[in-house]
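A quick write-up on the structure given underneath.
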Amino acid sequence: MVKKFDVNLLPSAPDFSFEMELWESGFGLVAGIDEAGRGALAGPVAAAALVFPADPALVAELHGVRDSKQMTPRQREKWAQRLPEIALTCGVAFASPGEIDELGIVTATRMAMQRALDLLESAPEYLLIDYVELLENPIPQKGLVKGDARSLSIAAASIL
């Protein structure tokens, strides 16, 4: 299923719009999930999962966090050190080149994402994922097209 999204609707920076709606609905632990390396010809695919406290005021502290592809290496390094201090919990995991060759990139990406989730100290109650959905995971979730440009949690995961 191809998901269409009008890029003219992208905010100028990711925010907590999706997270706030979920927090207000009673989901306290919302994980943002993103991957890196899916487009590479060789090497592993990495995925990160991150849960922020349910605090809309954090948006000010997270000023400058955005899709990692839009950041300089120095900005990414700064935020990669800072984000685990702000987050309640985070995890980074990989799927190997061998797993990618055996399972395919989409399945291997989902595997890396699930591994990152499994590293979280507290189980999330809802998942916000950049584009894909974790079909085997029973946790309520939403795959967002351009999620790393729309959700601060997903953008932060893209940095890790």
Side-chain angles (χ1 to χ4, degrees), residues 1-7 9-11 13-39 44-59 61-62 65-71 76 79-80 82-96 99-100 103-160:
M1 170 190 220
V2 176
K3 299 178 182 183
K4 301 238 182 213
F5 181 79
D6 182 354
V7 294
L9 298 177
L10 286 176
D15 58 31
F16 276 143
S17 295
F18 294 99
E19 291 87 344
M20 284 178 46
E21 184 177 316
L22 292 164
W23 294 334
E24 290 168 2
S25 296
F27 294 101
L29 299 176
V30 177
I33 307 168
D34 197 12
E35 56 72 31
R38 202 162 89 169
V45 63
L50 177 140
V51 177
F52 284 122
D55 181 3
L58 277 177
V59 74
E61 191 172 349
L62 296 169
V65 170
R66 59 188 180 279
D67 175 3
S68 64
K69 295 180 294 294
Q70 299 175 349
M71 302 174 82
R76 285 192 299 270
W79 282 110
R82 182 86 175 99
L83 288 169
E85 298 168 0
I86 300 169
L88 293 174
T89 183
C90 59
V92 176
F94 301 86
S96 71
E99 290 170 320
I100 295 168
L103 303 169
I105 189 61
V106 174
T107 301
T109 297
R110 287 184 172 126
M111 180 184 296
M113 288 177 169
Q114 185 59 54
R115 288 174 177 165
L117 280 170
D118 292 343
L119 293 173
L120 299 179
E121 293 174 6
S122 302
E125 300 165 349
Y126 200 98
L127 310 177
L128 292 174
I129 311 171
D130 188 32
Y131 193 73
V132 302
E133 293 180 356
L134 298 178
L135 306 175
E136 303 292 320
N137 191 308
I139 297 172
Q141 59 192 275
K142 183 173 192 126
L144 297 172
V145 176
K146 302 280 186 191
D148 48 10
R150 299 166 67 195
S151 160
L152 261 173
S153 296
I154 296 174
S158 81
I159 295 168
L160 295 180

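Treat the numbers as computed from the prediction; the structure is a model and nothing was measured.
With respect to R150 and D15, no salt bridge is recorded, no charged nitrogen being found less than 4.0 Å from a carboxylate O. For K142 and E21, the salt-bridge test fails: no basic side-chain N is under 4.0 Å from an acidic carboxylate O. Salt-bridge check for E99 with R115: passed, with a basic side-chain N closer than 4.0 Å to an acidic carboxylate O.
With rounding to the nearest 0.5 Å, the separation of CD1 in I139 from CZ in F27 is 10.5 Å. Rounded to the nearest 0.5 angstrom, I159 CD1 and C90 SG are separated by 12.0 Å. In this structure, S153 OG and Y126 OH are separated by 12.5 Å, a value rounded to the nearest 0.5 Å. Note that CD of E85 is 9.5 Å distant from CD of E61, once rounded to the nearest 0.5 Å. Note that the CD1 atom of I129 and the CG atom of D34 stand 10.0 Å from one another [nearest 0.5 Å]. Annotation: the span from F94 atom CZ to M111 atom CE amounts to 15.0 Å, rounded to 0.5 Å.
With 3.5 Å as the limit, one finds no donor-acceptor pair spanning the side chains of Q141 and N137. Looking only at atom types and distance, the side chain of E35 has no donor-acceptor partner in the side chain of T109 under 3.5 Å away.
When every heavy atom of L62 is checked against every heavy atom of F16, the shortest pair comes out as CD1-CZ, 3.6 Å. Heavy atoms only, all atoms of each residue included: A155 and D148 are closest at CB-O, 3.3 Å. When all heavy atoms of A156 and L83 are compared, the closest pair comes out as O-CD1, 3.6 Å. For the pair E19 and S151, the tightest heavy-atom approach, listed with the atom from each and the gap, is OE2-OG, 2.6 Å. Across every non-hydrogen atom of A112 and A93, the tightest pair is O-CB, 3.7 Å. Scanning both residues, A47 and A116, for their nearest heavy atoms gives O-CB, 3.6 Å.
With contacts defined as side-chain heavy-atom distances shorter than 4.5 Å, the pair E133/M113 does not qualify. Inter-residue side-chain proximity for L50 and L160 is flagged as met; some heavy-atom pair is nearer than 4.5 Å. Two residues are said to be in side-chain contact when any heavy atoms from C-beta on lie closer than 4.5 Å; L144 and Y131 fail this criterion. Between D130 and I33 the shortest side-chain heavy-atom distance does not fall below 4.5 Å. The side-chain heavy atoms of L117 and P124, taken from C-beta on, include a pair separated by under 4.5 Å.
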Next item on the list: For I100 and V45, run side-chain contact (heavy atoms from CB on, under 4.5 Å): C-alpha distance rounded to whole Å, both residues' side-chain angles, the deciding distance at 0.1 Å, then the answer.
Entry: CA-CA 8 Å; I100 295 168; V45 63; 4.2 Å; yes

Next item on the list: Report the C-alpha distance between L29 and L120 in whole Å, list the side-chain angles of each, state the deciding distance to 0.1 Å, and finish with yes or no for side-chain contact (heavy atoms from CB on, under 4.5 Å).
Entry: CA-CA 11 Å; L29 299 176; L120 299 179; over 6 Å; no

Next item on the list: Would you please test F18 and I154 for side-chain contact (heavy atoms from CB on, under 4.5 Å) and show each step?
Entry: CA-CA 10 Å; F18 294 99; I154 296 174; over 6 Å; no

Check: Would V30 and W23 count as a side-chain contact (heavy atoms from CB on, under 4.5 Å) if you check the C-alpha gap in whole Å, the side-chain angles of each, and the deciding distance to 0.1 Å?
Finding: CA-CA 8 Å; V30 177; W23 294 334; 3.7 Å; yes

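Side chain of T89 to main chain of V51: no donor-acceptor pair is present (N/O by atom type, distance under 3.5 Å, no hydrogens or angles). Side chain of S68 to main chain of S158: a donor-acceptor pair is present (N/O by atom type, distance under 3.5 Å, no hydrogens or angles).
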